[in-house]
Undergrad: 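Dropping the structure in here first, questions after.
All of these numbers come straight from a predicted model, not from anything done at the bench.
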Amino acid sequence: MMLVQRHTALLKAEAARLGFDFCGISKADFLEDEAPRLEAWLNRNYHGQMGYMANHFDKRLDPRKLVEGAKSVVTVLLNYYPEQRLPEGPDDLKISKYAYGEDYHFVIKDKLKDLMAFIQNEIGEVGGRVFVDSAPVMDKAWAKRSGAGWVGKHTNVISRDMGSFFFIGELILDLELTPDGPITDYCGTCTRCIDACPTDAITEPYVVDGSKCISYFTIELKDAIPQEVKGQFENWVFGCDICQDVCPWNRFARPHQTPAFQPNDRLAGMTKTDWQDITEEVFSELFRRSAVKRTKLEGLRRNITFVG
């Protein structure tokens, strides 16, 4: 038991040294509570065109199907709240804060690979895999189990210490570690996120119709954006932060310490006209290592035209 505690303390200390804002442990078990919720969500077609959400149902719910002999799920959080937000005036076009800098997949994956290498050097032959949105892993469920926070009514994980502007990553390991427990839900009677969503995507507390979310329309949807949501985007052209911006817990958000998440200087000075006239060359320069590349220039132009 002492060895398990020692390994847990070693791992958490190294995660903090690497710059993660939180590191928590869960036992690698079947996600019994999430199974019926996920099934009901899929049956309502709330995933829209995100067909991948319906794939690998069993693997999503059991980490032991992703890593043979898995015993622990390590959850890490990395803050991305910016020191200075990009302009958000009535004439400014807006992108989600998570996309200001470099694509988080690369940044977190590199840090998690370093953490994995540390574990293997310090502890020995430990099998495991790194996950950052890269496989059917229910990161919010594991974050909740690890004590990182609770899942809010907008279905984002909220931390009492830092709000909700953070990325989540996991290591699934065949190493026994001391699990942390979940914390209480502190949403209370607040409904600010539900009231603020312009497309009514939060259909009830803790349930989001993904196919009605502005982030879905501007990133995941490959077809034309439906005319019935015209005028509801509040100038968001890549992602949307409305439900997080109105959350009272984000008064605890503090600026991140990750240089890679700083926006390109040119991005901060973009006017609406600059966005409307964006060229392939400018797009490539601004978003060379950014998550915005997911939409490609064609998708971004579609979004810009749609918000008019």
Undergrad: Report, one line per pair, each donor and acceptor closer than 3.5 Å where one atom sits in a side chain of residues 69-77; sequence neighbours left out.
TA:
residue, atom, partner, partner atom, Å
Ser72, OG, Leu175, O, 2.6
Ser72, OG, Leu177, N, 3.2

Undergrad: Could you tabulate the donor-acceptor pairs under 3.5 Å formed by side-chain atoms of residues 222-231, not counting sequence neighbours?
TA:
residue, atom, partner, partner atom, Å
Lys222, NZ, Ile219, O, 3.0
Asp223, OD2, Gln49, NE2, 2.6
Lys230, NZ, Phe306, O, 2.5

Undergrad: Please table the atom pairs, donor to acceptor, closer than 3.5 Å between any side-chain atom in residues 108-117 and protein atoms at least two apart or in another chain.
TA:
residue, atom, partner, partner atom, Å
Lys111, NZ, Leu18, O, 2.6

Undergrad: Going by the rule salt bridge (charged side-chain N to carboxylate O under 4.0 Å, His left out), which residues pair with Arg289 if we only count those two or more places apart in sequence or in a different chain?
TA: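 In terms of salt bridge (charged side-chain N to carboxylate O under 4.0 Å, His left out), with neighbours along the sequence ignored, Arg289 is linked to Glu102.
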Undergrad: Please enumerate all residues that pass side chain to side chain contact (heavy atoms under 4.5 Å, CB included) together with Pro182, with sequence neighbours excluded.
TA: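 Result, side chain to side chain contact (heavy atoms under 4.5 Å, CB included) vs Pro182: none returned.
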Undergrad: Check this for me: does any side-chain nitrogen of one of Asp241 and Arg85 sit under 4.0 Å from a carboxylate oxygen of the other?
TA: no
Undergrad: Spell out, as yes or no, whether a donor-acceptor pair under 3.5 Å connects the side chain of Thr271 to the backbone of Asp274.
TA: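 Here the side-chain-to-backbone pair exists.
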Undergrad: Look at Asp245 together with Lys97 and state whether they make a salt bridge at an N to O cut-off of under 4.0 Å.
TA: yes
Undergrad: Below 3.5 Å, can you tabulate the donor-acceptor pairs from side chains in residues 33-44 to any protein atom, sequence neighbours excluded?
TA:
residue, atom, partner, partner atom, Å
Trp41, NE1, Val208, O, 2.8
Asn43, ND2, Glu39, O, 3.2

Undergrad: Tell me, which pairs form a ring-ring contact (aromatic ring centres under 6.0 Å, His included) where one or both residues lie in residues 131-151, sequence neighbours left out?
TA: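 For residues 131-151, and leaving out neighbouring residues, the ring-ring contact (aromatic ring centres under 6.0 Å, His included) pairs sorted by first residue read Trp150-Tyr186, Trp150-Trp249.
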Undergrad: Among Lys65, Lys59, Arg64, Arg60, which residue satisfies the salt bridge (Lys or Arg N to Asp or Glu O under 4.0 Å) criterion with Asp62?
TA: Arg64
Undergrad: For Arg254, give me all partners under salt bridge (charged side-chain N to carboxylate O under 4.0 Å, His left out), at least two apart in sequence or on another chain.
TA: Asp21
Undergrad: On a heavy-atom basis, which atom in Lys153 and which in Thr189 lie closest, and how many Å separate them?
TA: NZ-C, 3.7 Å
Undergrad: Keeping to residues at least two apart or across chains, list the ring-ring contact (aromatic ring centres under 6.0 Å, His included) pairs with something in residues 261-298.
TA: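 Only Phe167-Phe261, His256-Phe261, Phe283-Phe287 qualify under ring-ring contact (aromatic ring centres under 6.0 Å, His included).
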Undergrad: Within the 4.5 Å heavy-atom criterion, are Leu78 and Tyr80 side-chain neighbours or not?
TA: no
Undergrad: Among pairs that include at least one residue of residues 298-308, which meet side-chain hydrogen bond (donor to acceptor under 3.5 Å, both in side chains), considering only residues two or more places apart or in two chains?
TA: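 The answer is none; no pair qualifies.
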Undergrad: Could you walk me through whether Phe22 and Ser159 pass the side chain to side chain contact (heavy atoms under 4.5 Å, CB included) check?
TA: CA-CA 10 Å; Phe22 172 87; Ser159 157; over 6 Å; no
Undergrad: Taking salt bridge (charged side-chain N to carboxylate O under 4.0 Å, His left out) as the test, write out the residues that go with Arg17, two or more places apart.
TA: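 Arg17 satisfies salt bridge (charged side-chain N to carboxylate O under 4.0 Å, His left out) with Glu14 only.
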Undergrad: Above 12 or not: heavy atoms from other molecules or residues under 6.0 Å from NZ of Lys27?
TA: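 Atom NZ in Lys27 is not packed in, count stays at 12 or less.
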Undergrad: In sequence, state the C-alpha distance, the side-chain angles, and the governing distance for Phe238 and Thr295, and then conclude on side chain to side chain contact (heavy atoms under 4.5 Å, CB included).
TA: CA-CA 8 Å; Phe238 184 90; Thr295 64; 3.4 Å; yes
Undergrad: Suppose we screen for salt bridge (charged side-chain N to carboxylate O under 4.0 Å, His left out). Which residues come up paired with Asp209, at least two apart in sequence or across chains?
TA: none
